[in-house]
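Report on the structure given below.
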Number of protein chains: 2
Amino acid sequence: MITNINYNHFYYFWMVSNAGSIAKASKALHLTPQTISAQISMLEQRLGKQLFIRKGRQLVLSDYGRVSKQYADDMFAIAEEWLETTQGNDTYLKTLKVGISDALPKSLVTRWLAPIINSDSNIKLTCIDGKQEELLSQLAIHKLDLLLSDTPADNSYNLKVFCHEIGKSNIGLYARHHHARELQADFPQSLNNQRMVLPGKDSPTSRAIEYWLNEQHLNVSIVSHVDDSALMKAFGKQGLGIFPAPILIRDDVKTSHEVSLIGQVSNVYQSYYLITPERMVSDTFSTRLLEQARMGESTENSAVSPSTTDD
Amino acid sequence: MITNINYNHFYYFWMVSNAGSIAKASKALHLTPQTISAQISMLEQRLGKQLFIRKGRQLVLSDYGRVSKQYADDMFAIAEEWLETTQGNDTYLKTLKVGISDALPKSLVTRWLAPIINSDSNIKLTCIDGKQEELLSQLAIHKLDLLLSDTPADNSYNLKVFCHEIGKSNIGLYARHHHARELQADFPQSLNNQRMVLPGKDSPTSRAIEYWLNEQHLNVSIVSHVDDSALMKAFGKQGLGIFPAPILIRDDVKTSHEVSLIGQVSNVYQSYYLITPERMVSDTFSTRLLEQARMGESTENSAVSPSTTDD
DNA sequence: TTCACACATCGAAAATACCGAATGATTACA
DNA sequence: TGTAATCATTCGGTATTTTCGATGTGTGAA
């Protein structure tokens, strides 16, 4: 019969290996040295290997001890984080840390998160935006609860995450009011020799649009690839070029960036994803967000022809 | 006086939350239900919060319990990995898991690792190659001990790693024997209108060479960007184009790929890095590798002019 | 050598982990 | 509806472990 290992012993071992000696650790733990000495001996006996080697009147880690300490470091770092974040106040229960890929239109994000905030008045929301890759690693180490992104989670890093589609929209092309009006007439041929601002070079949207342009035999000069969708729209607002944005948020785009829809890029969609850590499949917020997204989908994801637009 | 928390209690809590009930956990732990029940009550008392809520005759996790379980999952996953890898045989002590960025010339890697293997006959070496980004995340979760790469660790993911330069070399351009001989004469002007194969688009080497070509007013057609350095060289061997490789390994390149050095790209260097987890600064292998790299540096990192080459 | 220091060992105490028996409450099923 | 099975818990007693004081041993410094 093999007994379970005693994690308190392992904790003592960790304290000693950090303090450098049993004597120092005993002070930190409010115990006497002989107690700790005995406990560690028991752990060594259970493991069948020495953790420490006596060097002079000092204890030094054995090879095995050194390896074990690395695991202990990780383990008890988590334990301390657990106690720090959950002892005392209860805000951690009501704080939702959401990562937002900077390629996402902010008005869409608002649309997704607003109902959640409104439904439960004492939720604290923390938003962090950045590139999907950065945010994914944050998600993996529990610094984030959710991640909203325009690209599905690639598991090239072997992180355990779930990816749910929460929205889909056709892409429209926008330009300043008078400019858009000119281009609407002969869309999409009118785009020829126009200037254009696109999202990041590696984004699926950017690639899809470039493919579409090629397919339509349109020759446009792409003046810039911009990772941040807000910045891209700001460029467009300044008249630097035509820019794409989801049809789904055309009203927002029109009013806040003073532009008009020229037309719709046929057969090009942008999808949006909610990425959650594997463990959290039954999380309250995520499920609510998914439900809401699914509801919205049926009513709002309607393709629009350029003729129905106005400004 | 606040007592330390009892990690064995936490372990019982984890077992119960996994098993779904105290009854099932008690079987797995070879204990009676009342024991576990009492221990968990003690833990709850110590924490000042309920972990479970009675729902019928079942226990369900409270909000606080759910959060705590996530920490427990992480903690004891590490603990189990610790026991799995260190119990039983002692090979873990002698197994060095090295990640190798696929952009690295394999002959350089061999050169670095060979002396280590030879010096200690019972070392087991495990090599894993892939993109630096993938390997970095592996390093962070202890799946790798070291990482050899041609790009320094960018800490855009907030992983705790150390980065040491272990080598540096000028870049040379290579082509098939007869082709190289033709081009040597008027190098670098002779490169005009030649075809070229380069490493990955985002690699510093690739960028540096493209910049250099521009600077020299050379117009070459880049037929391909290849992430894997071996594949790039294979392309070059097939005569698809001129390709770059470190001067440091010119002899290897010449013999194994049946090509000759055309000339050296002035002022373009490639550096090589050893990336280690923060915890492992005093690791035996790493220090030895660093020492050896430093020794090699003084003798081997000599720039070579194209005139001194032969084939 | 002597002293101070650090860890280990021993034996007794206090603390606690554990179990058997019994209770109450819930669910499954006849 | 009633009965049996299941599950968590409470209580009291026992076994084990944890802890400490006293003591021993080896080390390094004065």
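Remember, predicted model here, so these are calculated numbers, not experimental data. Only this structure's heavy atoms are used, side chains among them; waters, hydrogens and symmetry mates stay out.
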Query raised in the report: At what distance, to the nearest 0.5 angstrom, does CD1 of I128(B) lie from OG1 of T126(B)?
Result: 6.5 Å
Query raised in the report: Between the side chain of S62(A) and the main-chain N/O of I53(A), is any donor-acceptor distance below 3.5 Å?
Result: no
Query raised in the report: Just by modelled atom types, is the N6(B) backbone N or O under 3.5 Å from a matching donor or acceptor in the N8(A) side chain?
Result: no
Query raised in the report: If you look only at pairs with a residue in residues 12-29 of chain B, which of them pass as a side-chain hydrogen bond (donor to acceptor under 3.5 Å, both in side chains), with sequence neighbours excluded?
Result: W14(B)-D73(B), N18(B)-K69(B)
Report summary line: Closest non-hydrogen atoms of C127(B) and L113(B), given as atom of the first, atom of the second and distance, are SG-CD1, 4.2 Å
Interface polar pairs with nucleotides 27-30 of chain C, N/O, under 3.5 angstrom:
none

Query - Stepwise side-chain contact (heavy atoms from CB on, under 4.5 Å) test for V67(A) and T86(B) - result: CA-CA 8 Å; V67(A) 174; T86(B) 62; 4.0 Å; yes
Requested in this report: Please report the C-alpha distance between Y71(A) and F10(A) in whole Å, then the side-chain angles of each, then the deciding distance to 0.1 Å, and finally whether the ring-ring contact (aromatic ring centres under 6.0 Å, His included) criterion is met.
Outcome: CA-CA 10 Å; Y71(A) 286 98; F10(A) 196 45; 8.6 Å; no
Where do N or O atoms of nucleotides 16-21 of chain C meet protein N or O atoms at under 3.5 Å, pair by pair?
residue	atom	partner	partner atom	Å
dA17(C)	OP2	H9(B)	NE2	2.6
dA17(C)	OP2	Q39(B)	OE1	2.9
dC18(C)	OP1	Y12(B)	OH	3.4
dC18(C)	OP2	Y12(B)	OH	3.4
dC19(C)	OP2	T32(B)	N	2.8
dC19(C)	OP2	T32(B)	OG1	2.8
dC19(C)	OP2	T35(B)	OG1	3.1
dG20(C)	N7	Q34(B)	NE2	2.4
dG20(C)	O6	Q34(B)	NE2	3.4

Give every donor-acceptor pair under 3.5 Å between a side-chain atom in residues 77-84 of chain B and any protein atom, sequence neighbours left out.
residue	atom	partner	partner atom	Å
W82(B)	NE1	S68(A)	OG	2.9

Report task. For the pair D145(A) (side chain) and V98(A) (backbone), establish whether a donor and an acceptor sit closer than 3.5 Å, ignoring hydrogens and angles. Result -> no
Report task. Tell me, please, the opening and closing nucleotides of DNA chain D, 5' to 3', among those with an atom under 4.0 angstrom from a non-hydrogen atom of chain B. Result -> dA5(D) to dT10(D)
Query raised in the report: In chain order, what residues pass the side chain to side chain donor-acceptor pair (under 3.5 Å) check against S149(B), with sequence neighbours excluded?
Result: Q132(B), T151(B)
Query - For atom CD1 of I22(A) and atom P of dA6(C), their distance in whole Å - result: 11 Å
